[in-house]
Amino acid sequence: MAMHRNKTMIGIGIAVICYLLGPFVLSDYMLYLINLAAIATIGAVGLNILTGYTGLIAMANGAFIGVGAYTAAVLYTKLGVPFLLTIPIAGLMTAVVGMIFGIPALRLRGFYLAMSTLAAQILLMFVFNNWTSITSGERGIFLSPPNLFGISLVGDRGFFFLTVGIAALGMLLSHNLFKTDTGRAFIAIRDRDIAANIIGVDIFKYKLTSFAISSFYAGVAGALFGFYMTYVSPEAFGLNVSIDYIAMIIVGGLGNLWGGLLGAVFVVILPEFVDKVIEFVGQFIPMEYTFAAFRQLVFGLLIIIFLVWEPKGLTEILRRLFCWLKAKIFSPRSEVESLE
Amino acid sequence: MIKRISVVVMIVALSIFVFSGMGLAKAKQEIPIGIIGVFTGMDTDVNGMSYGTRDYFEWYNDKFGGIKGYPIKCIMLDGKNSIPDEVKNFKRLVSVEKAVLINGWGTGGTKALKDQVNKVVKIPYLSESLAIEVIDPVNCPYNFVLGPSYEGQIEIGMVWAKMQGAKTYAILHNDIEYGRGTTKNVIKAGLADKLGLEVLGTVEYPWHLTDCTAQLLRIKKMNPDYVYIQDSATNCTTILRDAAKVGFPASKLIADCWNFNPIIPETLGKDAEGFKPIMLFPDYGSDIPLMKEILEYAATHKIEKKDQNYVRGWTEGKLIVESIKRVIEKSNGKLPKTAQFRKMIRDEMEALENFDVGGSVPPVTYADHQGTSSAMIGEVRDGKFVSISDWIDIRKVREELNKK
Amino acid sequence: MSETLLKVENIHLTFGGLKAIDGISLDVCNDELVSLIGPNGAGKTSTINCICKFYDIDSGQIFFNGENITRLKPHQVARHRISRSFQNLDLFKGMTVLENIKLGAHINIRSGILSDLLYYGKTRKEERELEDFIVEKIFSLFGLSKYRNKHVGSLPYGLQKKIDIARALAARPKLLILDEPVAGMNSDETKEITEDIQKIREADISILLIEHDMDLVMNISDRIYVINFGENIADGTPQEVTANSDVINIYLGKSFEN
Amino acid sequence: MFIQALIAGIAVGSVYALIALGMVLIYKASSVINFSQGALVMIGAYITYAVVTGIPAPLWITIPIAIVLSALLGVVIERLIFRYMTGVDLIAVIMVTLGISFLLEGSTTAIWGTLNYSFPKILPEMSFSLGGIHISEVYIWSFIFSMVILVMFTLFFKYSKIGLRMRAVADNQKASISLGIHPGKMISLSWAISCVVATIGGVMLANIKLLNLGLSGIGILVFPVVILGGLDSIIGAVLGGFIIGILGSLSAVYAGGLMGGAVDQVVSFVILLIILLVKPYGLFGTKETLRL
């Protein structure tokens, strides 16, 4: 036990050191990827609460992120609300919107709920495009790089601390949630909503709560995304984004805390990786640029492979990998443990 | 077992990723130039302009062994016409490849990068999008485009229509920035009134267009002399087809530069006869000095896209190389440090005056970061595009009208 | 005789024209174990589903502790401290044994979402108390301690049945409804469950039992209601019921002739 | 004006109907909700294009080839993927179909690039004017096809032996196995048919627009149709198609002027939302029942 605690302490220590040193050793490009991944992690962890743990399929995460981004942008540019304040407000705003679009959950389940959220995605996009007095439509809103304690958060270094920090916090909160009654109620709704109801869980209340929490995460992610891109326009919040997020939690692992993180990292890094491979191969074999299509191809292929071979996602694969390596390195005994 | 294999594959994959990442170290004494193109998703049908620029660099390297002996290293990336991807490419080109100039693409991306380009990194950014927000030498000193803005093109359409003695005009546009925003600007600028041309209305349709009948019925009801379509070829095809459906003649339809695209007559046949796209550049194979260079290159290489966009790309390549050449002359044959280099290229580019690119556009003066504000009106005649007007310089027209 | 706890008055339920329950009445008094028996399809499970409000009854009244609970929602009924076990197991596969039973106590949890997210103060306290309660009272009762962190899906049927009952108990109910607790169990397991039920009674919890196993019913029931085709046939002490001719007709003298 | 909008609506609606039919068929047979229908439509069009332009043979040879190929595609998808996807939760199924559409779009890009192609005229010329609006053959043909397929499916499921078996499989796989029906075969068959229908839809669409990757976008636009009609109702798919098509074009004509934006697509999703709240299982869908 003590041994175990020590291990975790060491792990945390390493993490903190990486967190503090990272920005100063990595290139802007790498930092950019990490920041995107961190922002995506926030959104994915949130979506995992709703879809992975509560079992409500939401296809509007992209639009919810958009709501957050616009809220922050409008508060910051039009009303001059301080940067740090806009982030939680954006979260709350999005939570409210999420609850409104969660109301159909009163009657709908499964695919039909997914459809209502799809409608939400489309309607919100319509609002982004057409409520020009607030969103200035397709024109988009420019944001001047924000200040944090006097330091201008321009560029990727400053944002690294912010995004990664908030992502870590988000994961911690989600981790807490599923040690408690609320979390258990969510899972119960996913596993057997009727039984949960008869045990005394107010299904509708908890479904709405789940929507609220999940969209709060989305809102925060959106606000960060907006400030990071210094430009908010509808095209960044389309259905494809929502689908990417679903892909993240599935690839990462549904109903698993680390699923959100791994999935987000995977989906952000994968295209880079495929590009690199193509460039790498391209040095020897001349390649058409249409080979960029392979990015999409590989993405689709991997998703299918995951769902057919390893529905539990990356987390499970990594766990197995870990045990396997342990078995290979240490005694064959731990192999047995690992596999059961 | 399979699972384990997949695991191993993943490890190998990741390691390759890391190493190839290291492999991307920049070679020295080259001139790294980035191109952000579109090779997947919407708008790929016009990516000839990216290939054009790339090929020009290659041609130049082969012919002259680089600029003053320094070969150009061209890094071409896929921006997918999405903001996050273009920003990502930008970061890579700036921080990893240390590019000295970037040939950017999309409207959204160009706008999102406004601060990065002008305030943070300070790197000349010649974008393909003709978005008006960045055509501003004072506030966006590092943003360049080539050719009249979409607004300018609509107005060129108006001017030409007026020349034909038209009284009324209408604008049909999609619901994204490219359509809606542009149209709004034109209406605000109010050139039509000054010309004495009445804009009967603007009609909007969805970007993912399946059927435009309803919108065209509204247009037909207005019955304008000419209609300007603010959209690119894919949607324009649908529109032309439905125009024929509701019996609205194609000869009354003018559209922006992206519709100078052989696919349209090819697809629609007689329904496209008389359709009038804006021509910013002459077609591939037309009789201009610049074309000789292209053919020279084409003799030994495959030309990805044989269209006006390729000509455009080639032209941009010329402008870029010319400015860099001047920089190297100024710094007596040495390559300046990256930051300095970027600034100097910008200055030289801005300083270009009446620079002859070989007939693809009127001589370029880049003081306004727009190079040229002229275009011709084309028309489909038995399946071929022909230009039916001279260069119309919208800037001159504006100035004259403002004098009155 | 102590005052009545649950009072079901002449309830009716129809599924698309088909009468499932046609005027059943029953009541359960404090500290009483009442059994509800009848042949398959007689409407036993439907009756308790009506009490739990999983079905909305067409007519009739249901009172609990003198309060009218006829028009409440299932989770509101649960808050009146009526909890039940399920005929075909409805455990939450995604949770461990401990978590399942913890959720059983849902109605007793007071802490809000914010403190849950922070896992701080009230939540932390409640979680600890709840865990202690479960470990001391319930695990010891059913001997589940060694399975506490196993996922329920992996456990044998008999054990799952126990967990189901344990989960119902975790709510500290006034009335516990057991739907065929020993169905599909061997004699040993049956004996265990019987003892468990006895123990539960000692904790002054009233029980409404549905069961086919006549020996069990006859042994532990205070009173028995016999229903058939959704109607009351007879009720009374085990002796009275066994003596009742209608009942004998229904069961063709099956289990209690000898 | 109204009449014209109405006709235009029916024209578009019949294309929607065609695509919705494929989706419904798969749902009926294997209760898989197919988000890749749009991609199937797209690749179907590309396959037909490749065959028709690639093989120097008359249409009566090439078209059947194209149809067979797309049927094969359906079988392959079922065999390689959905065979292994039984009894998984809904989201996994949805995501797999999304994965399939990525895969298809990716491979299409890899094979044909991202250019626009102009689709060869393979539909017999037959166009006439109605209510002052000239209807091109594409719409007439898609109307005819949707009607024919509607009738065929209805008869197929009512009377033909295979159709009945399919329904049995959809109803209850275990029971159907005990009846000696091979569910896998039935499901692959349904995928094959659905792909063929998708291909027809794709050809229609490619005739209306250009042939390009954008075609797959229709997949999402069809959801309001299937929800309105009812996920498992063939007649519903067709009627839904017409209703959505008509409402779309009417709203574009009348509301389009008032509220700047491109309303027609939004309107259909507003309808979707209303339907879900008022009558979740659509006009003709069958309700799913909860048991305890």
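Within every chain, numbering begins at 1; the chains are lettered A, B, ... in the order of the sequence lines, protein sequences first and strands thereafter. The figures that follow rest on heavy atoms only: side chains count, while hydrogens, waters and symmetry mates do not.
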*Of all heavy-atom pairs between C:Glu127 and A:Arg184, which one has the smallest distance, and what is that distance?*
OE2-NH2, 3.1 Å
*Is the OH atom of C:Tyr120 crowded by more than 12 outside heavy atoms at less than 6.0 Å?*
no
_At a heavy-atom distance under 4.5 Å, which candidate from A:Ser174, A:Gly183, A:Ala196 has the highest pair count against chain C?_
A:Ala196
*Decide yes or no on side-chain contact (heavy atoms from CB on, under 4.5 Å) for A:Thr182 and C:Ile113, but give the supporting numbers first.*
CA-CA 7 Å; A:Thr182 313; C:Ile113 283 112; 4.0 Å; yes
*Pairwise side-chain contact, A:Ile194 with C:Asp90, heavy-atom cut-off 4.5 Å (strictly under)*: no
*Hey, does the side chain of A:Asn197 reach the backbone of C:Pro74 with a donor-acceptor pair shorter than 3.5 angstrom?*
no
_Testing the basics here: between A:Asp191 and C:Gly94, what is the closest heavy-atom pair and its distance to 0.1 Å?_
OD2-N, 2.6 Å
*What part of C:Ile109 is in contact with chain A, defined as an atom under 4.5 angstrom from a non-hydrogen atom: side chain, backbone, both or neither?*
side chain
*What residue, out of A:Asp202, A:Leu172, A:Leu177, has the most heavy-atom pairs lying under 4.5 Å from chain C?*
A:Asp202
*Search all heavy atoms of A:Gly200 against all heavy atoms of C:Ala78 and return the closest pair with its distance.*
CA-CB, 3.4 Å
*Under 3.5 Å: donor-acceptor pair, side chain of C:Asp116, backbone of A:Thr180*: no
_As an exercise: rank C:Asn100, C:Val77, C:Ile82, C:Leu118 by heavy-atom pairs under 4.5 Å with chain A and give me the winner._
C:Leu118
*C:Arg124 versus chain A, heavy atoms under 4.5 Å apart: side chain, backbone, both or neither?*
neither
*Name the region of C:Thr123, side chain, backbone, both or neither, that has any atom closer than 4.5 Å to a heavy atom of chain A.*
side chain
*Looking at side-chain heavy atoms only, is the closest gap between A:Ile199 and C:Phe92 below 4.5 Å?*
yes
*Considering only heavy atoms, give the residues of residues 134-148 of chain C separated from chain A by less than 4.5 Å, sorted numerically, with 'none' for an empty result.*
none
*Pick one of side chain, backbone, both or neither for A:Ala212, based on which atoms fall under 4.5 Å of a heavy atom in chain C.*
neither
*In terms of heavy-atom pairs under 4.5 Å, which option from C:Lys102, C:Arg79, C:Glu99, C:Lys93 contacts chain A the most?*
C:Lys102
*Go through the atoms of A:Thr209 and report whether side chain, backbone, both or neither lie under 4.5 Å from a heavy atom of chain C.*
side chain
*Step by step, would you call A:Tyr206 with C:His106 a ring-ring contact (aromatic ring centres under 6.0 Å, His included)?*
CA-CA 12 Å; A:Tyr206 278 92; C:His106 177 78; 5.3 Å; yes
*Walk me through it: do A:Ile203 and C:His75 pass the test side-chain contact (heavy atoms from CB on, under 4.5 Å)?*
CA-CA 8 Å; A:Ile203 301 282; C:His75 60 270; over 6 Å; no
